[in-house]
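One structure is given below, encoded as structure tokens.
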Amino acid sequence: SSGTGTAEMEPDGLILLGKEDDIKKSQRITAKVNGREVVVFYHKGKFHAMDSRCYRKIFVHMISMLQQLSISYDIDGQACIVCPWHKYVITLETGEGLYEGINPLEPSPTPKWQSKGVKQRIHKVIIVNGNVYASPPDLSVSFDSDYFAEKYKKGGDLAI
């Protein structure tokens with residue numbers, strides 16, 4: 001299940017996403033961080049937050065696809081979400097897009113997970129006194145997901 005958070009700016013610049021216990025129960029919520037839709041996952045004792053709009057243009061017609069995903073599995077020790085339609089793999093910790101590829105020059109090519117680079121913006125999560133906060137994004141560095149996060153920033157309510 002999932003919930004929707006109402007993020008509020010705290011005096012020190014952190015953005016309140018919700019109560020720690022509530023997010024642990026629901027396993028994920030959506031909230032807005034500086035106007036951007038963000039999905040917050042709780043997985044194996046850790047909180048992860050990333051832009052809810054996928055870095056791929058094809059997802060734009062879908063309402064916040066990422067919050068509908070489950071954390072499917074770990075790849076090389078990294079928790080990942082997988083798009084049910086296109087099978088894109090994104091790590092929760094770094095926002096890297098992963099793909100399984102082979103080197104055809106190897107005598108016995110074996111598929112190995114490789115990085116496409118960081119594609120999805122990750123938001124730093126901080127827990128203080130039972131509340132979950134995010135730091136505002138550092139927009140001096142851009143990621144593929146930024147285009148759609150900004151494009152749909154003012155596009156209505158959070159998706160459930």
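Tyr99 and Ile90 sit in two unconnected hydrophobic clusters of ILVMFWY residues. Membership requires side-chain heavy atoms under 4.5 Å apart, directly or through other members. Hydrophobic clustering (ILVMFWY, side-chain heavy atoms < 4.5 Å, transitive): Ile122 and Val141 are in distinct clusters. Tracing side-chain contacts under 4.5 Å through hydrophobic residues (I, L, V, M, F, W, Y), one reaches Leu16 starting from Leu14; they form part of the same cluster. Residues Ile29 and Ile127 share a hydrophobic cluster, clusters being chains of Ile/Leu/Val/Met/Phe/Trp/Tyr side chains in contact below 4.5 Å.
If you run side chain to side chain donor-acceptor pair (under 3.5 Å) between Glu93 and each of Lys46, Gln78, His43, only Lys46 comes through. The only option from Glu37, Arg28, Lys32 that meets the side chain to side chain donor-acceptor pair (under 3.5 Å) definition with Ser52 turns out to be Glu37. The side chain to side chain contact (heavy atoms under 4.5 Å, CB included) with His123 is formed by just one residue from the set Val38, Asn34, Val39; it is Val38. Here the options are Val33, Asn131, Asp22, Ile126, the test is side chain to side chain contact (heavy atoms under 4.5 Å, CB included), and the partner is Leu17; only Val33 passes.
Residues Lys19 and Val132 come closest through the heavy atom pair C-CG2, 4.3 Å. Residues Val125 and His48 approach most closely at CG2-C, 4.2 Å, considering heavy atoms.
Between Lys112 and Glu106 a salt bridge is recorded (basic side-chain N to carboxylate O distance below 4.0 Å). Using a cutoff of 4.0 Å between basic side-chain nitrogens and carboxylate oxygens, Asp144 and Arg121 are not scored as salt-bridged.
Judged purely by distance below 3.5 Å, without hydrogens or angles, the side chains of Glu96 and Thr91 never pair a donor atom with an acceptor atom. No hydrogens or angles considered: nothing links the side chains of Gln27 and Tyr42 as a donor-acceptor pair under 3.5 Å.
For Phe143, there are no ring pair (Phe, Tyr, Trp, His ring centres under 6.0 Å) partners, not counting sequence neighbours.
In this structure, Ser145 and Lys119 have side chains that are not in contact, with every pair of non-hydrogen atoms separated by 4.5 Å or more.
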